[in-house]
*Asks:* 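Can you keep this structure in mind? I'll have questions shortly.
Just the heavy atoms: all of them, side chains too, but no hydrogens, waters or symmetry mates, feed the values below. This chain uses plain numbering: 1 for the first residue, then up along the sequence.
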Amino acid sequence: MTFALVLTSLLLGMTTGYPLASVAQETYVVNRERKFQKIDNFAASDAWRSEFVGRYWPEKKKNEIADLLFAHDFDEQGNPKGMALSAWRVNIGAGSYENRENKEVNNSWNRVECFLSPEGSYDFSKARGQQWFMEAARKRGTNSFVFFSNSAPYFMTRSGSTRPVDDKYINLREDKFDDFAAFLVDCADHFQQEGYNIDYISPINEPNGNWAECPWQEGSFALEKDIYRVTCALDKAISEKESIHSKIVIPELGNMKYLFKTADGDSIPDDIIRSFFTKEGEHSVLGLKNIYPCVAAHDYWSAYPPEVLVGLRERIASALQEEKAGVRLWASEFCILEENNEYTMPPSATRSINMGLFVARLIHYDLAVAGATAWQWWTCVAPDEDGPIMLRPMQGSRHESMKYDGVICPTKMLWASANYSFFIRPGMYRVDIQPQKSKVTNLEAATDLMVSAYSNEKQTVVVCVNYTENDRPIVLQCDKHTTGKMYVTSIDKNLQFVGASRLNKLVIPARSVVTIVI
């Protein structure tokens, strides 16, 4: 049997400044027999610029973006072509485009078409750009889709808009819960019949958000009882539609702290793990036929400083293990929103690699500490350096011109996350890896060297994080293997294949992400 070992090393942070000769060589031992969580996917969403790119951009450039997102191939030099995402999040629009004259989303980039009309007829020729990316994903081997909703269709809402008038409870009319569920199921059923695997439906997005104060996108606040009612209606609708196999993912919290009880009281949905994902919880969904046993939450506002990053994820792991209900965590959305002293600086190569390493560290703690089975980007393309692909105007053109054409700029965040997603495939298990000598806490590792491992019957993946300014020598022990292929993301490399290395003489470059395949 041929085993492939993937070592992804990320060296992040501030060190004592010792030269390489002073840094002790550490040995890491992989135990493939000790298994933890099973990986579901790495993904990103199509909201919202991909609609314009897929609809209007030149075919060659659209395919270049699609390759960066989905291709699981190497170029002639042996370098991975991109992230090789294993799932794709598709926004099911609520009609902010059709209803744009009625107190709607004020940003034309973020308005979304709705497949359903107020009269009850469907038009699946809409969202043509989004559908281009769905087909591009499937052609490249990614045929697992998450349909997610930010709002019910505007003609089903209390406000008559995809924007709520208040954040008291869900922006959905009392008599439209079943209709909203039927809408989501009908959309899934249509695309399922077209050959797309609609594996998941996510009906709620960031229910803790202040959506009444947010004019730039579709959204709705929701109380715990609202989330439960929508979930039950959707479970019933899926059960009645035998042609789909979709599972329900909830609740896509905008901050992981709301997985637990907070000081916000009854005004914000919180304590989600206990309330929804324990058998005794007052809103327990564990008995629903079509629920996917994972609690979905976003990484915003909980990734920095390291004390928050590590402490919250240790708490999540402990809570899920304590309940023994087999519930997983999905880290289901992230992009750069916050400022901090690691990457808040003028644009530069240093800023870019700092952002890439920041994301790589975040993925490490979500997977290796919190036990996440999925890690998912927010929008895949954006006009700013806050996600995988940045779009820029053509020379001499204005910002609005990017709806029709532009310059494609893959970010270091794309390549740093690809050090994981290209090699860690669905169905792999996280497995044990331990240093032989040093014993550091999770918090200490966050500014030093972080290591995690993943395996199936064919390959093993090890992920390490190193925030230091020094090259780090390590030895890797995995069965009887002695050499491995090495891929590096650093300030001057983008998941670059740098050749084969001996596992007993590995050197992880300073401030880099390294993947070793044996």
Side-chain angles (χ1 to χ4, degrees), residues 6-13 26 28-32 34-42 253 255-260 272-273 277 294-334 340 342 357-377 416-417 419-421 423-424 428-435 438-455 460-468 513:
V6 179
L7 170 63
T8 303
S9 294
L10 296 102
L11 304 175
L12 302 164
E26 180 59 270
Y28 290 88
V29 181
V30 178
N31 180 359
R32 298 191 307 110
R34 190 181 181 201
K35 298 178 180 179
F36 302 102
Q37 80 269 25
K38 186 178 181 179
I39 299 300
D40 288 324
N41 60 65
F42 287 85
L253 292 170
N255 188 325
M256 287 187 180
K257 75 176 184 179
Y258 293 114
L259 293 171
F260 304 100
I272 296 299
I273 291 177
F277 292 96
C294 80
V295 54
H298 300 171
D299 276 311
Y300 304 122
W301 322 116
S302 66
Y304 188 84
E307 290 79 5
V308 172
L309 169 71
V310 176
L312 184 53
R313 282 148 188 83
E314 289 179 335
R315 188 180 180 190
I316 291 169
S318 177
L320 293 179
Q321 291 168 7
E322 181 180 334
E323 295 303 333
K324 294 180 169 54
V327 175
R328 311 163 177 88
L329 170 71
W330 271 22
S332 56
E333 186 176 311
F334 183 73
N340 64 51
E342 292 189 8
L357 293 173
F358 184 88
V359 167
R361 179 175 67 178
L362 173 59
I363 297 173
H364 170 86
Y365 279 98
D366 281 342
L367 271 61
V369 176
T373 62
W375 200 92
Q376 300 170 348
W377 278 106
S417 61
N419 272 89
Y420 293 84
S421 60
F423 300 102
I424 303 172
M428 297 183 76
Y429 286 89
R430 184 171 67 87
V431 297
D432 187 54
I433 183 168
Q434 296 291 336
S438 63
K439 300 296 180 184
V440 298
T441 66
N442 286 326
L443 181 57
E444 290 170 337
T447 51
D448 191 58
L449 183 64
M450 298 154 259
V451 183
S452 60
Y454 309 82
S455 182
T460 300
V461 177
V462 179
V463 181
C464 308
V465 183
N466 173 4
Y467 243 102
T468 76
V513 185

*Asks:* List the residues meeting side-chain hydrogen bond (donor to acceptor under 3.5 Å, both in side chains) with E26, not counting sequence neighbours, and say none if there are none.
*Replies:*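 Residues passing side-chain hydrogen bond (donor to acceptor under 3.5 Å, both in side chains) with E26: S438.
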*Asks:* Suppose we screen for side-chain hydrogen bond (donor to acceptor under 3.5 Å, both in side chains). Which residues come up paired with S417, at least two apart in sequence or across chains?
*Replies:*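 Only W377 meet the side-chain hydrogen bond (donor to acceptor under 3.5 Å, both in side chains) criterion with S417.
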*Asks:* Looking at every non-hydrogen atom in both residues, tell me the closest pair between Q37 and A372 and how far apart they are.
*Replies:* NE2-O, 3.0 Å
*Asks:* Taking C-beta and beyond as the side chain, do E314 and V310 meet within less than 4.5 Å on heavy atoms?
*Replies:* yes
*Asks:* Can you list the residues that meet the ring-ring contact (aromatic ring centres under 6.0 Å, His included) rule with W330, with sequence neighbours excluded?
*Replies:*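 Partners of W330 under the ring-ring contact (aromatic ring centres under 6.0 Å, His included) test: Y200, Y292.
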*Asks:* Could you pull out all residues at least two apart from K38 that satisfy side-chain contact (heavy atoms from CB on, under 4.5 Å)?
*Replies:* Y429
*Asks:* For E333, check side-chain hydrogen bond (donor to acceptor under 3.5 Å, both in side chains) against everything at least two apart and list the hits.
*Replies:* Y300
*Asks:* Residues in side-chain hydrogen bond (donor to acceptor under 3.5 Å, both in side chains) with N255, at least two apart?
*Replies:*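 side-chain hydrogen bond (donor to acceptor under 3.5 Å, both in side chains) check on N255 returns nothing, list empty.
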*Asks:* Under the rule for side-chain contact (heavy atoms from CB on, under 4.5 Å), what residues qualify as partners of A317, not counting sequence neighbours?
*Replies:*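 Partners of A317 by the side-chain contact (heavy atoms from CB on, under 4.5 Å) criterion, ordered by chain and then number, come out as Q321.
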*Asks:* Write out all pairs satisfying salt bridge (charged side-chain N to carboxylate O under 4.0 Å, His left out) with one or both partners inside residues 301-313, taking only residues at least two apart or from two chains.
*Replies:* D299-R313, R313-D366
*Asks:* Kindly indicate whether the side chain of R361, heavy atoms from C-beta on, has any atom under 4.5 Å from the side chain of M450.
*Replies:* yes
*Asks:* Test of understanding: with side-chain contact (heavy atoms from CB on, under 4.5 Å), list the residues that count as partners of F36, not counting sequence neighbours.
*Replies:*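 By the side-chain contact (heavy atoms from CB on, under 4.5 Å) rule, F36 matches R34, R430, D432.
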